[in-house]
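A short worksheet on the structure shown next.
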Amino acid sequence: MPEHPAFKNAGQNSGLEVWRIESMKPVAVPQEQQGTFFTGDAYILLHTIAIGGKAKKYNLHFWLGPECSQDESTSAAILTTQLDDQLGGRPVQFRELQGYESVNFMSLFKGGVHSPTLLPLRKYILDSLATPFGANTAPPIMVNVCQNCLSTCSFWHH
(Lines give C-alpha, C1' and ligand atoms only; values in the text may rest on other atoms or scores of the structure.)
Protein backbone atom coordinates (compact mmCIF):
# COMPACT_ATOMS: atom_id res chain seq x y z
CA MET A 1 0.00 0.00 0.00
CA PRO A 2 1.27 3.50 -0.71
CA GLU A 3 2.40 5.68 2.16
CA HIS A 4 -0.10 8.36 3.14
CA PRO A 5 1.51 11.85 3.23
CA ALA A 6 0.10 12.50 6.72
CA PHE A 7 2.20 9.57 8.00
CA LYS A 8 5.46 10.71 6.36
CA ASN A 9 7.42 11.12 9.62
CA ALA A 10 5.31 8.83 11.79
CA GLY A 11 7.15 6.78 14.36
CA GLN A 12 10.48 8.57 13.98
CA ASN A 13 10.38 10.09 17.47
CA SER A 14 9.31 8.61 20.80
CA GLY A 15 5.92 9.68 22.07
CA LEU A 16 2.32 9.85 20.99
CA GLU A 17 1.00 10.91 17.58
CA VAL A 18 -2.74 11.23 16.96
CA TRP A 19 -4.68 11.66 13.72
CA ARG A 20 -8.41 12.36 13.41
CA ILE A 21 -10.18 10.95 10.36
CA GLU A 22 -11.65 13.90 8.44
CA SER A 23 -13.23 13.34 5.02
CA MET A 24 -11.66 9.85 5.00
CA LYS A 25 -8.14 11.28 5.50
CA PRO A 26 -5.89 11.41 8.58
CA VAL A 27 -5.37 14.91 9.98
CA ALA A 28 -2.83 15.42 12.79
CA VAL A 29 -4.31 16.39 16.16
CA PRO A 30 -2.29 19.05 18.04
CA GLN A 31 -0.70 17.77 21.24
CA GLU A 32 -2.81 20.05 23.45
CA GLN A 33 -6.01 18.47 22.03
CA GLN A 34 -4.91 14.85 22.38
CA GLY A 35 -7.08 12.89 24.79
CA THR A 36 -10.34 14.60 23.81
CA PHE A 37 -12.44 12.60 21.37
CA PHE A 38 -15.53 13.41 19.34
CA THR A 39 -18.14 10.66 19.58
CA GLY A 40 -18.93 10.96 15.87
CA ASP A 41 -15.36 10.46 14.72
CA ALA A 42 -12.54 7.95 14.37
CA TYR A 43 -8.90 8.42 15.36
CA ILE A 44 -5.56 6.71 14.80
CA LEU A 45 -2.96 6.83 17.57
CA LEU A 46 0.67 5.76 17.32
CA HIS A 47 2.70 5.37 20.49
CA THR A 48 6.40 5.06 19.71
CA ILE A 49 8.74 3.78 22.43
CA ALA A 50 12.53 3.81 22.08
CA ILE A 51 13.97 0.56 23.42
CA GLY A 52 17.65 1.22 22.88
CA GLY A 53 19.77 2.54 20.07
CA LYS A 54 17.66 2.94 16.96
CA ALA A 55 15.26 0.15 17.97
CA LYS A 56 11.65 1.13 18.56
CA LYS A 57 8.47 -0.52 19.74
CA TYR A 58 5.09 0.67 18.42
CA ASN A 59 1.55 0.44 19.71
CA LEU A 60 -0.98 1.43 17.06
CA HIS A 61 -4.56 2.13 18.14
CA PHE A 62 -7.62 3.09 16.17
CA TRP A 63 -10.45 4.54 18.22
CA LEU A 64 -14.09 4.59 17.11
CA GLY A 65 -16.85 6.72 18.63
CA PRO A 66 -20.37 5.23 18.68
CA GLU A 67 -21.63 7.92 16.29
CA CYS A 68 -18.78 7.33 13.82
CA SER A 69 -19.92 6.63 10.26
CA GLN A 70 -19.19 3.33 8.53
CA ASP A 71 -17.01 5.25 6.05
CA GLU A 72 -14.89 6.78 8.84
CA SER A 73 -14.47 3.50 10.72
CA THR A 74 -13.48 1.73 7.49
CA SER A 75 -11.04 4.54 6.64
CA ALA A 76 -9.51 4.29 10.12
CA ALA A 77 -8.99 0.54 9.71
CA ILE A 78 -7.46 0.89 6.23
CA LEU A 79 -5.23 3.80 7.24
CA THR A 80 -4.11 1.93 10.36
CA THR A 81 -3.06 -0.97 8.14
CA GLN A 82 -1.19 1.43 5.83
CA LEU A 83 0.68 2.92 8.79
CA ASP A 84 1.45 -0.56 10.12
CA ASP A 85 2.86 -1.52 6.69
CA GLN A 86 4.89 1.69 6.58
CA LEU A 87 6.46 0.71 9.91
CA GLY A 88 7.37 -2.73 8.62
CA GLY A 89 4.53 -4.58 10.35
CA ARG A 90 6.17 -4.02 13.74
CA PRO A 91 3.29 -2.22 15.56
CA VAL A 92 0.94 -4.09 17.84
CA GLN A 93 -2.55 -3.02 16.76
CA PHE A 94 -5.48 -2.26 19.06
CA ARG A 95 -9.07 -1.55 18.08
CA GLU A 96 -10.62 0.77 20.67
CA LEU A 97 -14.33 1.39 21.07
CA GLN A 98 -15.59 4.34 23.10
CA GLY A 99 -16.38 3.17 26.61
CA TYR A 100 -14.38 -0.05 26.20
CA GLU A 101 -10.85 1.31 25.76
CA SER A 102 -7.93 -0.85 26.82
CA VAL A 103 -5.77 -0.07 29.84
CA ASN A 104 -2.90 0.42 27.38
CA PHE A 105 -4.88 3.10 25.54
CA MET A 106 -6.00 4.90 28.70
CA SER A 107 -2.44 5.00 30.03
CA LEU A 108 -1.44 7.23 27.10
CA PHE A 109 -3.20 10.25 28.58
CA LYS A 110 -2.73 12.41 31.66
CA GLY A 111 -5.13 11.12 34.28
CA GLY A 112 -4.85 7.65 32.79
CA VAL A 113 -5.64 4.42 34.57
CA HIS A 114 -4.51 4.54 38.20
CA SER A 115 -5.79 1.14 39.27
CA PRO A 116 -7.85 -1.61 37.66
CA THR A 117 -10.81 -0.94 40.00
CA LEU A 118 -10.95 2.87 39.93
CA LEU A 119 -10.75 4.16 36.39
CA PRO A 120 -10.57 7.86 35.50
CA LEU A 121 -13.06 10.23 34.00
CA ARG A 122 -12.95 10.50 30.23
CA LYS A 123 -13.87 13.46 28.07
CA TYR A 124 -15.99 12.92 24.98
CA ILE A 125 -17.52 15.58 22.80
CA LEU A 126 -20.97 14.94 21.39
CA ASP A 127 -20.31 16.42 17.99
CA SER A 128 -18.41 15.82 14.81
CA LEU A 129 -17.12 17.91 11.95
CA ALA A 130 -19.91 17.21 9.55
CA THR A 131 -22.96 15.14 8.86
CA PRO A 132 -23.91 13.54 5.54
CA PHE A 133 -26.12 16.60 5.06
CA GLY A 134 -23.40 19.24 5.52
CA ALA A 135 -21.43 20.98 8.26
CA ASN A 136 -22.53 20.54 11.85
CA THR A 137 -23.11 24.02 13.29
CA ALA A 138 -24.35 22.97 16.73
CA PRO A 139 -21.98 23.78 19.60
CA PRO A 140 -20.15 20.73 20.99
CA ILE A 141 -21.34 19.27 24.29
CA MET A 142 -18.61 18.02 26.65
CA VAL A 143 -19.47 14.91 28.66
CA ASN A 144 -17.32 13.48 31.42
CA VAL A 145 -17.91 9.78 31.98
CA CYS A 146 -16.52 7.53 34.67
CA GLN A 147 -15.54 4.11 33.30
CA ASN A 148 -17.30 2.39 36.22
CA CYS A 149 -20.60 4.04 35.20
CA LEU A 150 -20.64 3.03 31.55
CA SER A 151 -22.40 -0.27 32.04
CA THR A 152 -25.27 1.28 34.01
CA CYS A 153 -25.59 4.74 32.49
CA SER A 154 -28.65 4.95 30.25
CA PHE A 155 -26.88 7.47 27.96
CA TRP A 156 -24.63 4.73 26.56
CA HIS A 157 -27.44 2.28 25.84
CA HIS A 158 -29.70 4.13 23.37
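Position 1 is the first residue of the sequence; numbering continues from there.
- Within the 4.5 Å cutoff, side-chain heavy atoms of Leu79 are placed close to those of Pro26.
- At least one donor-acceptor pair closer than 3.5 Å links the side chain of Gln86 to the backbone N or O of Phe7.
- Looking at Gln98 and Thr39, their side chains never bring a donor and an acceptor atom within 3.5 Å of each other.
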Which atom pairs, one a donor and one an acceptor, fall under 3.5 Å between side chains of residues 49-60 and the rest of the protein, sequence neighbours left out?
unit_1: Lys56; atom_1: NZ; unit_2: Gln12; atom_2: O; d: 2.9
unit_1: Tyr58; atom_1: OH; unit_2: Gly11; atom_2: O; d: 3.4
unit_1: Tyr58; atom_1: OH; unit_2: Arg90; atom_2: NH2; d: 3.4

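- Both Val18 and Met106 belong to a common hydrophobic cluster when Ile, Leu, Val, Met, Phe, Trp and Tyr are linked at side-chain heavy-atom distances under 4.5 angstrom.
- Neither side chain, His4 nor Gln82, offers a donor N or O lying under 3.5 Å from an acceptor on the other.
- Leu97 and Trp19 fall within a single hydrophobic cluster, where Ile, Leu, Val, Met, Phe, Trp and Tyr are joined by side-chain heavy atoms under 4.5 Å apart, directly or via other members.
- Side-chain contact check for Leu46 versus Thr48: some heavy-atom pair is nearer than 4.5 Å.
- At distances below 3.5 Å, at least one donor-acceptor pair connects side-chain atoms of Ser73 with backbone N or O atoms of Gln70.
- If you take CG on Asp71 and CD1 on Ile21, they are separated by 12.0 Å, rounding to the nearest 0.5 Å.
- Neither side chain, His47 nor Asn104, offers a donor N or O lying under 3.5 Å from an acceptor on the other.
- Follow the hydrophobic side-chain contacts under 4.5 Å out from Phe94 and you never reach Leu16; the two are in separate clusters.
- For the residue pair Glu72 and Gly40, the shortest heavy atom distance occurs at OE1-O, 2.9 Å.
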List the steps and the verdict of side chain to side chain contact (heavy atoms under 4.5 Å, CB included) for Leu64 and Arg95. CA-CA 8 Å; Leu64 306 173; Arg95 180 176 179 260; 4.0 Å; yes

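- Applying the ring-ring contact (aromatic ring centres under 6.0 Å, His included) criterion to Tyr43, with sequence neighbours excluded, gives Phe37, Trp63.
- No side-chain heavy atom of His61 sits under 4.5 Å from any side-chain heavy atom of Ile44.
- The CZ atom of Arg20 sits 13.0 Å away from atom CD of Gln34, with the distance rounded to the nearest 0.5 Å.
- The OG atom of Ser75 sits 10.5 Å away from atom NZ of Lys25, with the distance rounded to the nearest 0.5 Å.
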